[in-house]
Amino acid sequence: MTTNAPTALPDTWRRLSRRALPRDTVALARFLIGKVLVHDTANARLAGRIVETEAYLVGDAASHAFRGMTKRNRAMFLRRGHAYVYIAYGTWPALNVASDEEGVGAAVLLRALEPLEGHAAMRQHRGTNRDIDLARGPGRLAGAMQVSLAHDGVDLVGGGPLYLAAAHGPTGAIITATRIGITKDAERPLRFLERGNRFVSGPRRLIGPPGGRRT
DNA sequence: CGGCTGATGATCT
DNA sequence: GATCATCAGCCGG
């Protein structure tokens with residue numbers, strides 16, 4: 001709809017294997033741009049292109065894992081490819097992909113999707129008809145995709161109903177920016193977006209110069 | 001579109 | 001008791 005006009009959607013999305021996921025957290029955050037998040041629910045198949053991610057690294061003061069494992073963040077310490085879901089501001093679920101080896105706390109936050117399939121169901125879940133707002137931001141993304149705390153710890157590359165799939169069509173250039181809504185280690189360029197994609201979240205000024213920093 | 005603000009409750013100290 | 005990896009609504013340009 002934006003950068004690349006999708007042709008026909010596939011009958012089945014091609015699931016990613018764990019082996020396909022880069023082992024480095026930043027590399028994974030970049031890799032996931034353009035890939036597809038799919039949720040096969042009882043009522044609909046929901047799918048969207050990942051257009052914005054953030055990396056939360058080992059030793060990163062902004063990371064939930066910075067002070068070690070807790071009840072909330074334990075899924076961050078699972079093998080790469082598992083979901084870490086937490087409740088932000090007491091209300092909104094946020095979906096991350098654990099990015100390292102078992103026992104290491106690191107993850108990639110999925111911040112925005114470009115809806116591909118299941119628009120009607122997504123509108124219903126979100127209570128809006130504005131497609132631009134369906135999955136722009138982590139809380140909205142979780143709402144549109146019907147992701148909840150029940151998915152905390154599930155394997156996103158393990159054959160379940162919520163999974164990561166290969167890109168549908170070409171992926172645009174990736175730009176970097178600073179992460180949203182944090183105060184510690186806030187200047188690090190650990191946010192990644194598909195250049196020019198209108199489904200990304202946050203104010204445009206944080207993306208930097210016109211067109212953003214090409215990387 | 002950008003900027004501001006109140007609501008909100010889980011989590012951790 | 002403080003701190004949030006946020007959102008919707010409102011207002012001004």
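None of the values given here were measured: they were computed from a predicted structure.
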Toward the 5' end of DNA chain C, which comes first, A:Pro138 or A:Lys184, by nearest nucleotide?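 Nearest-nucleotide comparison on DNA chain C picks A:Lys184.
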Can you pull out the residues from residues 54-86 of chain A that lie within a 4.0 Å heavy-atom distance of DNA chain B?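 Of all residues in residues 54-86 of chain A, the ones placing a heavy atom under 4.0 Å from DNA chain B are A:Arg67, A:Thr70, A:Arg72.
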Can you tell me the distance, in whole Å, between the [atom1] atom of [X] and the [atom2] atom of [N]?
X        : N     : atom1 : atom2 : answer
A:Leu141 : C:dC7 : CG    : P     : 9 Å
A:Tyr89  : C:dT3 : OH    : C1'   : 8 Å
A:Leu134 : C:dT6 : CG    : P     : 19 Å
A:Glu52  : C:dA5 : CD    : P     : 16 Å
A:Ile180 : B:dG3 : CD1   : C1'   : 14 Å

Encode nucleotides 8-13 of chain C as B, S and - characters from 5' to 3', where the letter depends on protein heavy atoms closer than 4.0 Å: B to the base, S only to sugar-phosphate, - to neither. S-----
Does A:Arg18 reach the side chain of A:Asp155, with side-chain heavy atoms less than 4.5 Å apart?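 A side-chain contact exists here, since the closest heavy-atom pair is under 4.5 Å.
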With side chains defined as the heavy atoms from C-beta onward, is the minimum distance between A:Met76 and A:His82 less than 4.5 Å?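 The answer is no; the side chains never approach within 4.5 Å.
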Is the backbone N or O of [Y] less than 3.5 Å from a side-chain atom of [X], with the two atoms forming a donor-acceptor pair by type?
X        : Y       : answer
A:Asn197 : A:Val51 : no
A:Arg30  : A:Thr25 : no
A:Asp185 : A:Ala61 : yes

Centroid separation under 6.0 Å, is that true for the rings of A:Tyr56 and A:His64?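 Not under 6.0 Å, so no.
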N or O in side chain of A:Thr183 less than 4.0 angstrom from C:dC4 OP1/OP2: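 Looking at the OP1 and OP2 atoms of C:dC4, one of them is under 4.0 Å from a side-chain N or O of A:Thr183.
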Side chains of A:Ser99 and A:Arg80: is there a donor and an acceptor less than 3.5 Å apart?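 There is no such pair (donor and acceptor under 3.5 Å, judged by atom type) between the side chains of A:Ser99 and A:Arg80.
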Return yes if a side-chain donor-acceptor contact under 3.5 Å exists between A:Glu52 and A:Ser201, otherwise no.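 Judged by distance alone, the side chains do pair up.
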Checking A:Arg67 now: which residues fulfil side-chain hydrogen bond (donor to acceptor under 3.5 Å, both in side chains) with it, not counting sequence neighbours?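 By the side-chain hydrogen bond (donor to acceptor under 3.5 Å, both in side chains) rule, A:Arg67 matches no residue at all.
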At under 4.0 Å between heavy atoms, what does A:Ile87 touch on the DNA or RNA strands: base, sugar-phosphate, or nothing?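 Contact class for A:Ile87: none.
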Paired nucleotide for C:dA8 [Watson-Crick or G-U wobble; both distances under 3.5 Å]: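 Its partner is B:dT5 (Watson-Crick or G-U wobble, both distances under 3.5 Å).
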Here's a test of your reading of the structure: between A:Arg130 and A:Leu149, which maps to the more 5' nucleotide of DNA chain B?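 Taking each residue's closest nucleotide, the earlier one in sequence belongs to A:Arg130.
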